[in-house]
Trainee: 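Structure in structure tokens, see below.
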Amino acid sequence: MVIEVEGGSRAAGELAIQGAKNAVLPMIAATVLCRENVVLQGCPNIRDVDAMTSILKEIGADVTWDGDQLIINAASADGCEISGKAAGEVRASVLFLGSMLGRNREAGICLPGGCSIGARPVDYHVAAFETLGAKAIQENGKICCSVERQGENVVELPYPSVGATENVILFSVLRDGRTELRNAAKEPEIVELCCFLRSMGARLSGEGSSTILICGVKRLHGTTYRLKSDRIVFLTYAAMAAATGGKAVFRVFGDTFRREKGYLEQAGCAVEYIPDEDRLPSCRIQVSGENGIRAVPYIRTGPYPEFPTDAQSLFLALLSKAYGESIIEESVFENRFLVASQLRKMGADIEVAEQRACVRGVSRLHGETVCATDLRSGAALLVAAAMADGTTRIHNAELILRGYEKPAEKMNELGIHARM
Ligand code: UD1
């Protein structure tokens, strides 16, 4: 699949930001813990959601869409085996391990494997399950777990892994007694998962800090939950608006993205909230790059609250035409600078040595035929294509659809010509 972008126009207009992918994927896995209807409002219609719902169907759940609402009934989702094909399509499939174990005390899944951004093992997940009383057997690319004993009540992760934190939470909400998770990830999507589970009757506290306490309950009830907007999608279109020297307004739900505002401002963008008291908790954020983009001396990605690795490629693209030199250091995934070679084809001056990229701003990028290597590199290429002179053809564009709803149409809404 190819997406073609005609660069050079200044972005303008208003865009609503879709619900957060990294929040909805663990919620979809969590529905296995509940036998009543769960309605996820503002659910993004993206390929990773399709992949997670096809797994739900494989284990027996009913899944329907009603506009932007995803309605799930997992009353009959008693399956505890997930096939290789389904698991291979989305890495978050590993989160079904926690929820299937919570529901059935046993679970088997083909390992999702590595991907182009790095090896992405699941050893922290497995070790945590074992501490909590599960036995895990890994062979032939498959992992089978069963709960054999009560296990410890305290588990500490060696690194604040987002997925391992979510898996421990999913495993523990129906578990007997109290589970204390230490060195937990603090990402906003973890906080959202906990709010969602609380809306179903789960008892947990401490999310957003490094210790999360979970007190097991007997059952969860149905819920209707409205997803917050996706912070990385906001940054993508905001970077695009600013990179083209334009100005655009973004409608977001449930968050004011203060941290993201700071990142954009560091790069010289002007970011303003447009007061709209009647619409809270929605808000409108205006982003402008009319005064030009400037280099950011040093960015280092890391677990929240550090700079998000998912925004790293976007900033590589944004800063490639900034005035001055920027250094970006990647500390989360080992292979996240693959996009640099594609940006170089478009005229960017980026040097990568190990986990560090040095970006020297150039005055122009030109349209090229390039290739997305992962979801976020694809999004970064959209940003670069919007600010390049001429036409850019991005191959492997299906990777972008894993996380972005109708990207070409959204770009058109911002006045940037794109088609798929
Ligand atoms: C999640 C996000 C992803 C984001 C990442 C880091 C979802 C669906 N995906 O991925 O978009 O880029 O957080 O913010 O929410 N690791 C191990 N062993 C493990 C688990 C992780 O070595 O058992 C390593 C990984 O290889 C990586 C680092 O820990 O180097 C962080 O991974 P983790 O936080 O688990 O990311 P994901 O949950 O996979």
Side-chain angles (χ1 to χ4, degrees), residues 19-30 44 46-52 55 87 89-99 109 111-131 136 138 143 145 155-171 181 183-194 196 210 227-228 230-233 235-236 259 300-315 329-337 339 355 373-380 399-400 402-404:
K21 169 179 91 70
N22 287 357
V24 79
L25 302 183
M27 289 180 194
I28 293 173
I46 51 176
R47 290 206 171 175
D48 275 8
V49 165
D50 289 343
M52 290 294 277
I55 292 176
E89 276 169 27
V90 56
R91 224 195 109 74
S93 59
V94 74
L95 301 175
F96 282 103
L97 265 185
S99 59
I109 186 168
L111 287 170
C115 65
S116 58
I117 64 172
R120 303 186 85 172
V122 292
D123 49 336
Y124 305 156
H125 305 235
V126 173
F129 288 146
E130 285 177 333
T131 305
Q138 281 189 66
I143 177 159
C145 300
V155 58
E156 178 157 353
L157 296 176
Y159 176 92
S161 150
V162 173
T165 299
E166 292 165 344
N167 245 337
V168 169
I169 294 171
L170 295 175
F171 179 43
L181 172 61
N183 201 22
K186 302 175 191 151
E187 266 69 3
E189 292 76 21
I190 303 279
V191 175
E192 234 197 315
L193 174 65
C194 293
F196 167 72
S210 55
L227 280 156
K228 289 184 184 168
D230 191 305
R231 59 193 172 115
I232 306 298
V233 173
L235 276 176
T236 305
R259 206 166 277 281
R300 179 182 184 272
T301 69
Y304 192 86
E306 292 180 61
F307 188 90
T309 175
D310 286 348
Q312 185 259 95
S313 305
L314 296 172
F315 273 68
E329 191 168 328
E330 171 62 50
S331 90
V332 182
F333 290 108
E334 61 272 27
N335 230 352
R336 246 196 167 165
F337 285 129
V339 70
Q355 290 303 88
T373 50
D374 65 83
L375 163 63
R376 302 303 172 188
S377 83
L399 289 173
I400 302 171
R402 282 190 39 216
Y404 291 80

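Remember, predicted model here, so these are calculated numbers, not experimental data. Residue numbers start at 1 and run along the sequence shown. First listed ligand is number 1; within each ligand, the first listed atom is number 1.
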Trainee: Looking at R231 and E189, is any side-chain nitrogen of the basic one under 4.0 Å from a carboxylate oxygen of the acidic one?
Mentor: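 Yes, charged N to carboxylate O under 4.0 Å.
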
Trainee: Quick one: does NZ or CZ of R259 land under 6.0 Å from the six-membered ring centre of Y304, within 45 degrees of the ring axis?
Mentor: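 Because its charged atom sits under 6.0 Å from the ring centre and within 45° of the axis, R259 does stack over Y304.
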
Trainee: Does some side-chain heavy atom of L314 sit less than 4.5 Å from a side-chain heavy atom of R376?
Mentor: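 R376 vs L314: side chains apart.
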
Trainee: Hey, could you give me the CG/CG distance between N167 and L181, rounded to the nearest 0.5 Å?
Mentor: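 One finds 11.0 Å between CG of N167 and CG of L181.
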
Trainee: Could you list the atoms of ligand 1 found under 4.0 angstrom from a heavy atom of G163?
Mentor: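 In order of numbering, the contacting atoms are 35 (O), 38 (O).
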
Trainee: For residues L227 and M27, determine if any side-chain heavy atom of one lies less than 4.5 Å from a side-chain heavy atom of the other.
Mentor: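 Yes; the side chains approach each other to less than 4.5 Å.
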
Trainee: For ligand 1, find out whether one of its N or O atoms is nearer than 3.5 Å to an N or O atom of E166.
Mentor: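 E166 vs ligand 1: no N/O contact under 3.5 Å.
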
Trainee: Could you list the atoms of ligand 1 found under 4.0 angstrom from a heavy atom of R336?
Mentor: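 Near R336, the atoms of ligand 1 are 12 (O).
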
Trainee: May I ask you to list the atoms of ligand 1 that are less than 4.0 angstrom from any heavy atom of Y159?
Mentor: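 So the atoms of ligand 1 that pass are 28 (C), 29 (O), 31 (C).
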
Trainee: Quick check: A92 and ligand 1, any N/O pair under 3.5 Å apart?
Mentor: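 Looking only at distances, the answer is no, because the N/O contact criterion of under 3.5 Å is not met.
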
Trainee: Taking atom types as modelled, is there a side-chain donor on R336 or S313 under 3.5 Å from an acceptor on the other?
Mentor: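 Looking only at side-chain atoms, S313 and R336 do not form any donor-acceptor pair under 3.5 Å.
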
Trainee: Examine the proximity of ligand 1 to D310 and report which part, side chain or backbone, both or neither, has a heavy atom under 4.0 Å away.
Mentor: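 For D310, the contact with ligand 1 is made by the side chain alone.
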
Trainee: State the atoms of ligand 1, each with its element, that fall below the 4.0 Å cut-off from a heavy-atom position in R91.
Mentor: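 Ligand 1 atoms under the 4.0 Å threshold to R91: 39 (O).
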
Trainee: Nearest heavy atom to atom 2 (C) of ligand 1: which of V162, I232, N22 does it belong to?
Mentor: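 The option holding the nearest heavy atom is N22.
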
Trainee: With respect to S161, determine whether any N or O atom, backbone or side chain, lies less than 3.5 Å from an N or O atom of ligand 1.
Mentor: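 Checking ligand 1 against S161, an N or O pair does fall under 3.5 Å apart.
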
Trainee: With the threshold set at under 4.0 angstrom, would you say E189 reaches ligand 1 through any of its heavy atoms?
Mentor: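 Contact absent.
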
Trainee: Taking N or O atoms only and a 3.5 Å limit, does T309 qualify as a polar contact for ligand 1?
Mentor: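 Looking only at distances, the answer is no, because the N/O contact criterion of under 3.5 Å is not met.
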
Trainee: T301 and side chain to side chain donor-acceptor pair (under 3.5 Å): which single residue from Q355, Q312, E330 fits?
Mentor: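 That would be E330; it is the only one of Q355, Q312, E330 passing the side chain to side chain donor-acceptor pair (under 3.5 Å) with T301.
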
Trainee: Determine whether L97 and L170 make a side-chain contact, defined as any pair of heavy atoms from C-beta on separated by less than 4.5 Å.
Mentor: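 No, every pair of side-chain atoms sits at 4.5 Å or beyond.
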
Trainee: Have a look at A20, P121, A29 and point out the one with the heavy atom closest to atom 22 (O) of ligand 1.
Mentor: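 Residue with the shortest heavy-atom distance to the ligand atom: P121.
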
Trainee: Applying a heavy-atom cut-off of 4.0 Å, say which part of D48 lies close to ligand 1: side chain, backbone, both or neither.
Mentor: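 The answer is neither; D48 stays 4.0 Å or more away.
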
Trainee: Test your reading of the model: is there a side-chain donor-acceptor pair from T165 to the backbone of A185, 3.5 Å cut-off?
Mentor: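 Yes, the answer is positive, given that a donor and an acceptor are paired below the 3.5 Å cut-off.
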
